[in-house]
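Here's the structure, in structure tokens; my notes come after.
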Number of protein chains: 2
Amino acid sequence: MMYTTQMNAAKNRIVTKEMIAVATKENIAVEVLLEKIACGEIIIPANKMHHSLDPQGIGTGLKTKINVNLGVSKDCQDYTVEMKKAQLAIDYNCAAIMDLSNTGKTNTFREALIASSPTMIGTVPIYDAIGYLGKDLKEIDARDFLEVIEAHAKAGVDFMTIHAGLNKRMVELIKREKRLTNIVSRGGSLIFAWMEMTGKENPFYEYYDEVLEIFAHYDVTMSLGDALRPGSIDDSTDGMQIGELIELGNLTKRAWEKDVQVMVEGPGHMAMDEIAANIKLQKRLCHNAPFYVLGPIVTDIAPGYDHITSAIGGAIAAMHGADFLCYVTPAEHLRLPDIDDVKEGIVASKIAAHAADIAKGIPGARDIDHLMSDARRQVDFEKMFTYAIDPHKAKTYYDSRTVSEEHTCTMCGNMCAMRTTNKILEGKDISFREDKTNA
Amino acid sequence: MMYTTQMNAAKNRIVTKEMIAVATKENIAVEVLLEKIACGEIIIPANKMHHSLDPQGIGTGLKTKINVNLGVSKDCQDYTVEMKKAQLAIDYNCAAIMDLSNTGKTNTFREALIASSPTMIGTVPIYDAIGYLGKDLKEIDARDFLEVIEAHAKAGVDFMTIHAGLNKRMVELIKREKRLTNIVSRGGSLIFAWMEMTGKENPFYEYYDEVLEIFAHYDVTMSLGDALRPGSIDDSTDGMQIGELIELGNLTKRAWEKDVQVMVEGPGHMAMDEIAANIKLQKRLCHNAPFYVLGPIVTDIAPGYDHITSAIGGAIAAMHGADFLCYVTPAEHLRLPDIDDVKEGIVASKIAAHAADIAKGIPGARDIDHLMSDARRQVDFEKMFTYAIDPHKAKTYYDSRTVSEEHTCTMCGNMCAMRTTNKILEGKDISFREDKTNA
């Protein structure tokens, strides 16, 4: 190979097979894509060891992508269910799966997942550190963390969340600024705990260059974690969140100097009126690196429905330029999601991404809406199901009640506006007497 | 009584008991409310014959309200289920219920609904005309329609949708402009059919003054129907939609001259990037009359999930100034909703309204979010359920899996970020070895 990473190739004007695949999928010129990869505005997370990968691009001008979180936790350790979630994500053409397993030795599952998945895979190595190393948090040495990262990289993980922005400067802010919900990032809380218990600097910050070397070697994409993301609408856009974003902007530049691809993670919980400004701020402070948002959830009071609160926030974020949406399921804040939750989360997130692609004018995004609405005008339900984001649910709903007349549904029956208007525009009369029409 | 309608009272600086009730609920000065009712920016739909009504205000500066549609159709005529839906709407504190029954003689149901409902009731008289009059559409005389309106008014209906904007000028536009999904308003399609079959002017337009007289007598609020609302994202903000809006602006002024309260109905299907402009346009063209949006649905391709597509659109619309959201259920475009669909629709719509109230700075809107997030920081699940928009679902989700440690959930287990951060901030160490903490 004549290059290390996709970014390195782009800087050297080498067109990779991954770039060709992405350019074809997105229907854009490969030269345009190459320019944007070279300057960091687009990434193709594609670990050289992930042989089953069907590469996807994330960034400016491309379709909004979505990520599906899964993985076992201490009280839910059924790997079979987690693998089913992965299959669902693949079936729904999600761009990414993050394995967030945070208990025990998760290597076997992760390796099986990578081997079978055409979808890019992300991890958060610190979740796995305690289990992987067999050490308690406090006993882990800074260099131990690098060992975990190297193991994930070697296994073929395409992107990793690294909370390198939570350095001592930020810890000072945490103690000075105060906020309602402190740290709600799992990785961020572990690093904060480690720093406080050991008195040392954030190991991912201190050894950032070493992390970058590993990333560059395998072409792992850096996903800069937002350890200080707001966990309530009270905390959004505060000094801690924005302070960390400034750090992430600097870390973005340092990664690019080593040709490591980067995306930046973002909020979180946030009132709707702050979202546009946050996207502008991230794009400016992080030099147009792709923005990966976790929500944002636009009100705190809807546990059980956070797929909806985040669909609202995610759609607005993506319309204003966020590139990558992390799905949220109805189980958020309550339990590890089951397979139905995962499906609900995927669909809600796909709706948000697609609605945003329409709003931001991604070429071709409206085509399927046009086909759907054309089928609606024809009152052709079978055709509508074909274009539905979830054909099975649409058909099940329709079929659940019996209609007395073809080309109607039980909502309006023979008073269907489409049917009435079609008949009149065809020059026919319409009658509702004894439910017979003059058609 | 010294006044005819709430608007008439406001213009004469008479404070009604309904104004006092609304001012108290919204925590605003009654003088401010009175001013805004007088100029049409706020309405209190309160038919003098609706004796069980607990009045609500809709308009500038007030909390965003939601409406629940229900009613029987030809293929689903179970009044017991429809009454259960009404009870659900009341239990969830929805501001309004529209009875859209469109088949047979619906008087008994409507009267029972009004008698038992503290929630304002709306109807669309033309849906009921064929059944009420026992005539086929074509045979109905313009004055017959007034008879139906009078019957609804006398029964205590608080607001009625009147599609008076679809006049002959608009029919010319329909034929000239063309669009993908023509007329998707049920009432609009019936009027269009009637006009085309009889060759006459829209009866609600031609006899608008007579309609206003009835409305003024009972204090029925005029809900100006958008017969030409877009039924696909292809059709939004087109000549027909905006042309009709200009008519509705004129009809608004004519109603105000007779002291009839008015709101204006709006889209429909619409890409996210058009919503803000549409609100601005409606407010300008309709002289700041309250805006009642039906969605908007931000993509056409999600049948089965249109509670989500409309939660996205509704939240954005309300953030930009829409005052009243018509809920949409997962059954939209597919079937008459069942009770579960209604619940899903109500919750999604409440989320949209609440998120918008936070974003537009309605005083006090954030208070409950603060309480929820405070409970989250304390990892106090029982307290969280209290503040949840749907406590039952939240608790059911949480209880569905067993946690091995108190104050955690199965998502993160003992790696809960809140728990870790709390311990460290309290100056304690944290350990994950053998799952024991040093607390």
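Residue numbering restarts at 1 for every chain, and letters A, B, ... go by the order of the sequence lines. Small disclaimer: the values here were computed from a predicted structure and weren't measured.
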Flag side-chain contact, heavy atom, 4.5 Å: A:Ile424 against B:Trp194: no
Pick from B:Cys412, B:Ser232, B:Ala271 with the largest number of heavy-atom pairs that fall under 4.5 Å of chain A: B:Cys412
statement: Pair count under 4.5 Å, heavy atoms only, with chain B: among A:Gly313, A:Ala311, A:Ala348, highest is A:Ala311
field: Region of A:Val184 in contact with chain B, defined by heavy-atom distances below 4.5 Å
entry: both
- prompt: Backbone N or O of A:His370 within a donor-acceptor pair of the B:Asp234 side chain at under 3.5 Å?
  reply: no
message: If we ignore hydrogens and angles and just use 3.5 Å, is the side chain of A:Asp273 paired with the main-chain N or O of B:Lys360 as donor and acceptor?
response: no
message: Need one label for A:Tyr387: side chain, backbone, both or neither, based on atoms under 4.5 Å from any heavy atom in chain B.
response: backbone
query: Which pair of heavy atoms, one from B:Tyr397 and one from A:Pro330, lies closest together, and at what distance?
result: OH-CB, 3.7 Å
- prompt: Can you say whether A:Ala356 sits under 4.5 Å from chain B via the side chain, the backbone, both, or neither, judging by heavy atoms?
  reply: both
- prompt: Can you check whether A:Phe192 reaches B:Thr420 side chain to side chain, under 4.5 Å on heavy atoms?
  reply: no
- prompt: Going from CD1 on B:Ile351 to OG1 on A:Thr309, what distance comes out if it is rounded to the nearest 0.5 angstrom?
  reply: 6.0 Å
- prompt: Does the side-chain hydrogen bond (donor to acceptor under 3.5 Å, both in side chains) test come out yes or no for A:Thr421 and B:Asn182, once each step is laid out?
  reply: CA-CA 7 Å; A:Thr421 308; B:Asn182 299 314; over 6 Å; no
- prompt: Are side-chain heavy atoms of A:Phe432 and B:Thr103 found at a separation under 4.5 Å?
  reply: no
field: Close side-chain approach of B:Ile358 to A:Val298, heavy-atom, < 4.5 Å
entry: no
statement: Answer key: most heavy-atom pairs under 4.5 Å with chain B among A:Ala388, A:Pro391, A:Gly361, A:Ser404 is A:Ser404
message: Can you tell me which portion of B:Phe385 sits under 4.5 Å from chain A's heavy atoms? Options are side chain, backbone, both or neither.
response: side chain
task: State, to 0.1 Å, how close B:Arg366 and A:Ile233 come at their nearest heavy-atom pair, and which atoms those are.
output: NH1-O, 3.5 Å
message: Contact between A:Ile130 and B:Met415 at the side-chain level, heavy atoms closer than 4.5 Å - yes or no?
response: yes
Toward chain B, the part of A:Asn422 with a non-hydrogen atom under 4.5 Å: side chain
message: Can you confirm whether B:Asp75 sits close enough to A:Thr402 that some side-chain heavy atom of one is under 4.5 Å from a side-chain heavy atom of the other?
response: no
field: Part of A:Met411 within contact of chain B (heavy atom distance under 4.5 Å)
entry: both
Interchain contact, A:Cys76 with chain B, by part (heavy-atom threshold 4.5 Å): side chain
- prompt: Looking only at heavy atoms, which two atoms of B:Leu180 and A:Ser373 are closest? And how far apart?
  reply: CD2-CB, 3.4 Å
statement: A:Gly304 and B:Lys393 have their tightest heavy-atom pair at O-NZ, 2.8 Å
query: Sub-3.5 Å donor-acceptor pair from the side chain of A:Arg186 to the main-chain atoms of B:Cys416, do we have one?
result: no
message: Taking every non-hydrogen pair under 4.5 Å, which of A:Asp341, A:Leu137, A:Thr408, A:Asp338 racks up the most with chain B?
response: A:Asp341
- prompt: Side chain, backbone, both or neither: which part of A:Phe381 has an atom under 4.5 Å from a heavy atom of chain B?
  reply: side chain
message: In the structure I gave you, are the side-chain heavy atoms of B:Arg376 and A:Pro303 within less than 4.5 Å of one another anywhere?
response: yes
- prompt: What are the two closest heavy atoms between B:Asp369 and A:Asp300, and how far apart are they?
  reply: OD2-N, 2.6 Å
field: Heavy-atom check, side chain of B:Lys74 versus side chain of A:Thr410, under 4.5 Å
entry: no
query: In terms of heavy-atom pairs under 4.5 Å with chain A, which of B:Lys135, B:Met319, B:His307, B:Glu196 leads?
result: B:Met319
field: Residue list, ring pair (Phe, Tyr, Trp, His ring centres under 6.0 Å) with A:His354, at least two apart or on another chain
entry: none
Residue selection (most heavy-atom pairs with chain A, distance under 4.5 Å) from B:Pro337, B:Ala315, B:Ala352, B:Gly187: B:Ala315
message: Can you list everything that forms a ring pair (Phe, Tyr, Trp, His ring centres under 6.0 Å) with B:His269? Sequence neighbours excluded, please.
response: B:His333
- prompt: Which atom names give the shortest non-hydrogen contact between B:Ala394 and A:Leu334, and what distance separates them?
  reply: O-CD2, 3.6 Å
Pick from B:Glu332, B:Met418, B:Met197, B:Lys175 with the largest number of heavy-atom pairs that fall under 4.5 Å of chain A: B:Met197
query: A:Lys350, A:Met372, A:Glu274: which one forms the most heavy-atom pairs within less than 4.5 Å of chain B?
result: A:Met372
field: Selection from B:Ile389, B:Thr299, B:Ile301 maximising heavy-atom pairs under 4.5 Å formed with chain A
entry: B:Ile301
field: Heavy-atom contact with chain B under 4.5 Å, split by part of A:Ile368
entry: both
statement: Scored by heavy-atom pairs under 4.5 Å with chain A, the best of B:Lys395, B:Glu139, B:Met272, B:Arg335 is B:Arg335
- prompt: Taking the side chain from B:Arg401 and the backbone from A:Leu336, do they hold a donor-acceptor pair closer than 3.5 Å?
  reply: yes
